[in-house]
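One structure is given below, encoded as structure tokens.
Counting convention: from 1, in listed order, for ligands and their atoms alike.
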Amino acid sequence: MPSPHEILARTEIFVRGRMHGDGSGHDWWHVDRVRRTALRLAREEGADPYVVELAALLHDVWDHKLHAGDDSVAPREIRRWLQEAGAEEPVVEQVCEIVAGVSFKGAGVATPMRTPEGAVVQDADRLDAIGAVGIARAFAFGGSRGRPLHDPDTAPDLHATFDAYRAGAGGTTHHFHEKLLLLRDRMNTAAARRLAEGRHRFMEEFLRRFHDEWNGEDAWS
Ligand code: ADP
Ligand code: NI
């Protein structure tokens, strides 16, 4: 039976190979940041670091956004990968549950995490969607989908269902109102809430300047 250390090492090599070079903000370095943040939060929360690290490593490999909107792919493929790597069944179960529940699914859709391991992975993933890195990732993702930076002719939409959120269009600045500015108040852990505060304020400042420049109101006043 391979050790947890061996299973983590094999998984890391696999994920690096799969996600290397992605241009939509879901590259290997996103996964690496989420893993590091999740492990730090896990220490504070007393969550199992092995399950947390495996879930963080695998959380975006078969993401619905990157797989034609199909969210049954991830649990199936993760189960197969972990079983072939020799992980024990309770670990496989926990990782599949976390990855299935981790994603944001729309402003009006609750996405509670049942376990401390799930809570810290979700917080780490959400922290990487906000702040300076989050801003960069949002525009990279929008660009990868052919979206304009900003669409002044339409308004953001606080989607009530996952399907409506998935189908959402519009410029990338809408995404700040539809998701990114909502995340600070949806963190599961106290440590993540503290980190989110500064990142949230930076996004607000960014949007203020963006709109001032867009409207030609910055240099003239
Ligand atoms: P989640 O599973 O919660 O969506 P991910 O780590 O998979 O989290 O990726 C979310 C990233 O994708 C965020 O950085 C977010 O800004 C970006 N993203 C998702 N949808 C959009 C969108 N419609 N416009 C711009 N960026 C988006
Ligand atoms: Ni992610």
Inset, instruction - Report the distance from atom CD of E12 to atom CZ of R16, rounding to the nearest 0.5 Å. - result: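 Between atom CD of E12 and atom CZ of R16 there are 5.0 Å.
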Under 2.8 Å from the Ni ion (ligand 2), is there an N/O/S atom belonging to [X]?
X    : value
D63  : no
D128 : no
H30  : yes

What part of [X] sits under 4.0 Å from ligand 1 if we count only heavy atoms: the side chain, the backbone, both or neither?
X    : value
V34  : neither
D128 : neither
H174 : neither

Inset, instruction - Taking all heavy atoms of A190 and all of E45, pick out the closest pair and write down the distance. - result: N-OE2, 4.4 Å
Legend entry - Polar side-chain atom of D27 near backbone of H30 as donor-acceptor pair, under 3.5 Å: yes
Contact atoms of ligand 1, heavy-atom distance to [X] under 4.0 Å:
X    : value
D63  : 2 (O), 7 (O)
S103 : 1 (P), 2 (O), 3 (O)
R147 : 22 (C), 23 (N), 24 (N)
H30  : 6 (O)

Legend entry - Within 45° cone of F141 ring axis and under 6.0 Å: R145 NZ or CZ: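 Relative to the ring axis of F141, which defines the angle, R145 lies inside both limits.
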Inset, instruction - Report yes or no: is the cationic atom of R166 (NZ for Lys, CZ for Arg) under 6.0 Å from the centre of the six-membered ring of F162, at an angle within 45° of the ring normal? - result: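 Relative to the ring axis of F162, which defines the angle, R166 lies inside both limits.
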Legend entry - Atom name of the N, O or S atom in D125 that lies nearest to the Ni ion (ligand 2): OD1
Legend entry - Shortest-distance N, O or S atom of D60 relative to the Ni ion (ligand 2): OD2
Inset, instruction - Would you indicate which of E178, R166, R137, K179 comes nearest to atom 14 (O) of ligand 1 when only heavy atoms are counted? - result: R137
Inset, instruction - Compute the shortest N/O to N/O distance between F104 and ligand 1 and return yes if it is under 3.5 Å, no if not. - result: yes
